[in-house]
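So you know, we letter chains A, B, ... as the sequences are listed, proteins then strands, and number each from 1.
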Amino acid sequence: MTNVVDNVKNEIKKVVTDAIEKAAASGQLPPVRVNDIIIEKPREKEHGDFSTNIAMQLVREVRKNPRQIAEIIKEHMDIENTYIDRVECAGPGFINFYLTNRWLYDVLKVIHAEKQDYGKINIGRGQKVMVEFVSANPTGPLHMGNARGGALGDCIAGVLEAAGYDVTREFYINDAGNQIEKFGESLEARYLQQLPGGENVEFPEDGYHGEDIIEHAAQYYREYGDKLGDVPSEQRRKALVEYALPKNIEKIRTALESYGITFDVWFSEQSLYDSGEVQDTINYLKEKGYTYEKEGALWFKATDFGAEKDEVLIRNNGVPTYLASDIAYHRNKFVKRGFDRVINLWGADHHGHVARMKSAMKALGIDPDKLEVVLFQLVRLYRNGEIVRMSKRTGKAISLEDLLEEVGRDAARFFFNMKASGSHLDFDLDLAVRQSNENPVYYVQYAHARICSMIRLLGEEGISVPDPEDVDLSLLVQPEEIDLMKKLAELPEEIAISAQTLEPSRLTRYVTDVASCFHSFYNACRVKGEEERLMKARLLLVDCTRTVIKNVLDILSVNAPERM
RNA sequence: GUGCCUGUAGCUCAGCUGGAUAGAGCAACGGACUUCUAAUCCGUUGGCCGGGGGUUCGAAUCCCUCCGGGCACGCCA
């Protein structure tokens, strides 16, 4: 739980703050109040390890040119007993800090000590947060949108856990309402078509046309024959839904499991009706005066809470809308179950729902900021440079199972997290299975396997990873060694930013960078066969690299193979 | 029409709570294995950051406007 970069930045901040105070005391700067000094990592290596733009920020208050201010601050700095080696003023007024390598050696000590916990932080402070994702319609198989949402949601949950949150992964089963009606109608039609003379039974225009519906009906017919041939339609549909729905849900669960996703809670929409929570919620809104009746329907005054238009809660046929149950669902999340924070992952086509739900939160007296919606753009699959819509084999839309079969879990999860959620994502099926440097998953996994292999070979010669106390780390001075250590130092901050922005894509980029630094190091520096003290120092560095790659891949639930 | 997302190298994308000379991967081209995994590395080429205005010491980043792409605007979910 030690963040060396943070410590270094704080040390620099203190040096700068003290210098400003001393300059003020000596009269060279006017007394200024400095709130927060921003320490950043310059893009150019020549600009030092860290820099601050404080001099430029003070221009208005101090009324000197920034370069002058920077020089004054620099002159008053005391860098005795710090990581800072030297300081330079540069450019329009930046103050650049060049550090001794000692801080990097401390990074290795921390990694070696913390092992699988290195990188973890505690900005979450145990706060209860729910991540609700996939929540696919249980009337059919999982599609590419679910696949992206699944990878994203699960990795967001993983990142939040690493950042110290108490995370619950939840799947909302839409087992009530209109689509279940349609599901029933579709099953009924397919079932009746199975019966002798049923060839002419019409299939509902807006029904589910998929093969899976036919298979369910055929299977039911094989098991129970014409048992439902002569019963009222309502009873027939109910029986078929009760037969097929659990099978679908089980298939979804299994597919997600092989995708590396395990939900803590499977929450049934129907249960909100059964428990009376939907009705309670509607009554609550009624009593508060947030509803009105029009044309036989009950409307929610969403416009009173910032939405663009009002919404129907109960249709004129007496059936509550999806919105009604969704409001009840979120009341359940916050009020009944006490989550401090709820994150929902929705496909971008649902973005219109965000304002509605936020307005509903306000009506319920819940801070709408506690509900965060991550919208992700949809996926286009490519094969041979062309867009793929249908599975060649089955002619159906490509399902998650198809994808896993073709590219495997690691590539799927990694690829879906390479782009920011708001970006459109082109998934290149050929690239995902290619075993070469073009494929980022292999690139990272290969680095890990390569390291494991090095450690294994040295182990066979009786050389094990040394303790930092037995190593002269100051021998690590090559540019490739320095770059690699700097990269390893960034992990805690990368996790913090990923957690704050809910963007695991940041971590896939980071771990690719780590792999890249490692490969460069590997080509420039030998470990085995070097003079013993140097070999030990490098072996420790290599082992720390292994730890970092493993820790990141663990958060992403991507395998870190020891051999490839 | 209104609202949201988006436009950066040939391709796919970072950078967007303003900072120094705009980055990465892939593609293209040229190099590196008798040595710990060449599924690797090193180098070169490649840019009116969609256009135009504004804000300021400074804009890919913030504001306005226009253009192009996607999505949403149901008593569907």
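Here B:U40 sits opposite B:A32 as a Watson-Crick or G-U wobble pair (both hydrogen-bonding atom distances under 3.5 Å). Searching all strands for a Watson-Crick or G-U wobble partner of B:A24 with both distances below 3.5 Å returns B:U12. Of the nucleotides present, B:G70 is the one that pairs with B:C4 by Watson-Crick or G-U wobble criteria, both distances under 3.5 Å. Across every strand in view, B:C75 sits unpaired, with no contact that passes the Watson-Crick or G-U test at under 3.5 angstrom. Pairing partner, B:U56: none, since no Watson-Crick or wobble contact has both distances short of 3.5 Å.
Proximity of A:Arg315 to the phosphate of B:C76: a side-chain N or O atom is located under 4.0 Å from OP1 or OP2.
Side-chain contact between A:Tyr208 and A:Glu185 is absent, with no heavy-atom pair separated by less than 4.5 Å.
Counting any heavy atom pair closer than 4.0 Å across all strands shown, A:Gly529 reaches no nucleic acid atom. Within the 4.0 angstrom heavy-atom criterion, only backbone atoms of the sugar-phosphate kind lie near A:Gln377; the bases stay farther away. Within the 4.0 angstrom heavy-atom criterion, base atoms lie near A:Ala297. Looking at heavy-atom distances under 4.0 Å, A:His351 makes contact with a base. Within 4.0 Å (heavy atoms only), A:Ser520 reaches sugar-phosphate atoms of the nucleic acid but no base atom. A:Asp310 comes within 4.0 angstrom of no nucleic acid atom, judged by non-hydrogen atoms across all strands.
Taking the ring centroids of A:Phe97 and A:Phe50, they lie at or beyond the 6.0 Å cut-off. Taking the six-membered ring for Trp, A:Phe171 and A:Phe267 have ring centres at least 6.0 Å apart. Taking the six-membered ring wherever Trp is involved, the centroid distance between the rings of A:Tyr292 and A:Phe300 does not fall below 6.0 Å.
With its glycosidic angle more than 90° from 0, B:C4 is assigned anti.
Comparing atom distances between the A:Arg43 side chain and each of B:A39, B:G23, B:C41 picks out B:G23 as nearest. Proximity note for A:Met564 (side chain, C-beta onward) versus B:A39, B:C75, B:G15: the nearest is B:A39.
Relative ring orientation between A:Trp346 and A:His353 is described as tilted, the plane-to-plane angle lying within the 30° to 60° band.
Note on A:Glu562 versus A:Arg546: no salt bridge recorded, every NZ/NE/NH1/NH2 to OD/OE distance being 4.0 Å or above.
Residue A:Gln478 qualifies as enclosed at atom CD: its count of foreign heavy atoms under 6.0 Å is above 12.
Between the side chain of A:Ser505 and the base of B:A14 there is no donor-acceptor pair of N/O atoms closer than 3.5 Å.
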Polar atoms only, N or O, under 3.5 Å: list the protein pairs with nucleotides 32-34 of chain B and their distances.
none

